[in-house]
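By convention here, the first residue in the shown sequence is residue 1. Atom set for the values below is all heavy atoms of this structure, side chains included, hydrogens, waters and symmetry mates excluded. As the structure is a prediction and not an experimental result, all values here were calculated from the model.
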Amino acid sequence: MVTRRVLVTGCSSGIGLAVATRLAKDELRRFKVVATMRDLGKRGPLEKAAGDSLNKTLEIKELDACCETSIKKCINSLPNRRVDILVNNAGVGMIGPLECQSIDAMKELFDTNFFGLVRLVKEVLPDMKQQYSGHIVVMSSVMGIQGLLFNDVYSASKFAVEGFCESLAVQTLKFNIKTTLVEPGPVVTEFERKMYEAAEKMDLSGTDEETARIFKELYLPYSKKIFMSLSQTPEEVAEQTFKVITAKDPPLRHQTNRLYMPMTALKHADPTGRLPLDTFYKMIFKHDHVFNATLGVLRILQRRAGKK
């Protein structure tokens, strides 16, 4: 059996850590995982999670997705520069009223979420073309399908990721290279927790009182309810990603959370865009009881799914 080398980015915690360790612990030992992170000083949790697979089926390397030199150095350190599967996971988030976000912060987010992906693909794609095989797996988001209130810039970066991969996938098929966008909904990680803690303390003086009120009194409480009802663990997302990677014919898109699909399906149900816009507006601003009832039903479905 041929062992495939997998390069995973953003492995210091969360989904990246979970994906890297899941692949490294594959019972059939089909993968040699190169788990990367920007700061090797944060490798402790990954080493602990890797356990016996560390330095056997999993090795840890430094890679900063925002630095072409760092990416090239990491790829050049691999035997024959060979990467069979790229799992692009490194990313950052941003929530809050647009008026309270700086352009510099937005550029930094795009530099990681979008241009980080572009840099990595640009580096590994020529070799994949030459070997006439490969799989580019990108951790996207349901917010790359459907925009969400107060996630304007983050959602924009994921829309960019989706458009980039969808366009590239046509070309890469000619070279027997598969492309997959993994699209999680809410995921409970330390990264998410810190982001919402920061949002609670956010300086809202840059926006009007009504927008500040909507953010503090509607959006943040609703987000917590959604996380309680629909969230997955990094391990659940990793398991879904593992199935995509081991699939004989991997899809272009894969949503990891079935309970979130009705929300993204609204967009495809109405080409004018009115249906999802009207639905989300009414759920948030008009029919709080409908929103809560819907989440209640989804909680029941989530529990039932967990028992199967």
What about [X] and [Y], same hydrophobic cluster or not, with Ile/Leu/Val/Met/Phe/Trp/Tyr joined at side-chain heavy-atom distances under 4.5 Å?
X    : Y    : value
I177 : V161 : yes
L149 : M106 : no
L117 : M94  : yes
M195 : Y154 : no
L266 : F159 : no

Any donor-acceptor pair under 3.5 Å linking the side chain of [X] with the backbone of [Y]?
X    : Y    : value
T112 : L109 : no
E236 : T233 : yes
K158 : V142 : no

Just by distance, no angles: are the side chains of [X] and [Y] close enough, under 3.5 Å, to form a donor-acceptor pair?
X    : Y    : value
D270 : T272 : yes
T264 : Q146 : no
E183 : T256 : no
Q240 : H254 : yes

Quick one, [X] and [Y] - any side-chain contact, counting heavy atoms below 4.5 Å?
X    : Y    : answer
I136 : K178 : no
V153 : F110 : yes
K216 : L220 : yes

Item to complete: Using the test side chain to side chain donor-acceptor pair (under 3.5 Å), find all partners of D52 that sit at least two apart in sequence or belong to another chain.
Response: none

If you take all heavy atoms of [X] and [Y], which pair is closest and at what distance?
X    : Y    : value
A35  : A20  : CB-CB, 4.0 Å
L86  : M128 : N-CE, 4.1 Å
A169 : L252 : CB-CD1, 3.9 Å
C11  : G16  : SG-O, 3.7 Å
R213 : E210 : NH2-OE2, 2.9 Å
L148 : S155 : N-OG, 4.4 Å

Worksheet item: With Y196, which residues qualify under ring pair (Phe, Tyr, Trp, His ring centres under 6.0 Å), at least two apart?
Response: F227

Fill in: All pairs passing ring-ring contact (aromatic ring centres under 6.0 Å, His included) where residues 199-219 contributes a residue, at least two apart
F150-F215, F150-Y219, F215-Y219

Practice prompt. Determine, stepwise, if the pair V121 / L168 fulfils side chain to side chain contact (heavy atoms under 4.5 Å, CB included).
Written response: CA-CA 10 Å; V121 172; L168 191 67; 3.6 Å; yes

Fill in: Linked hydrophobic residues, L54 as query - side chain contacts closer than 4.5 Å
V6, V8, I15, L17, V19, L23, F31, V33, M37, L40, L46, L58, I60, I85, V87, V137, M139, V182, V187, V237, F242, I245

Worksheet entry | side chain to side chain donor-acceptor pair (under 3.5 Å) partners of residues 83-100, not counting sequence neighbours, each pair once | R82-D84, E99-T207

Worksheet item: Among pairs that include at least one residue of residues 55-64, which meet side chain to side chain donor-acceptor pair (under 3.5 Å), considering only residues two or more places apart or in two chains?
Response: K61-S77

Worksheet item: Salt bridge check: are E162 and R253 linked by an N-O gap of less than 4.0 Å?
Response: yes

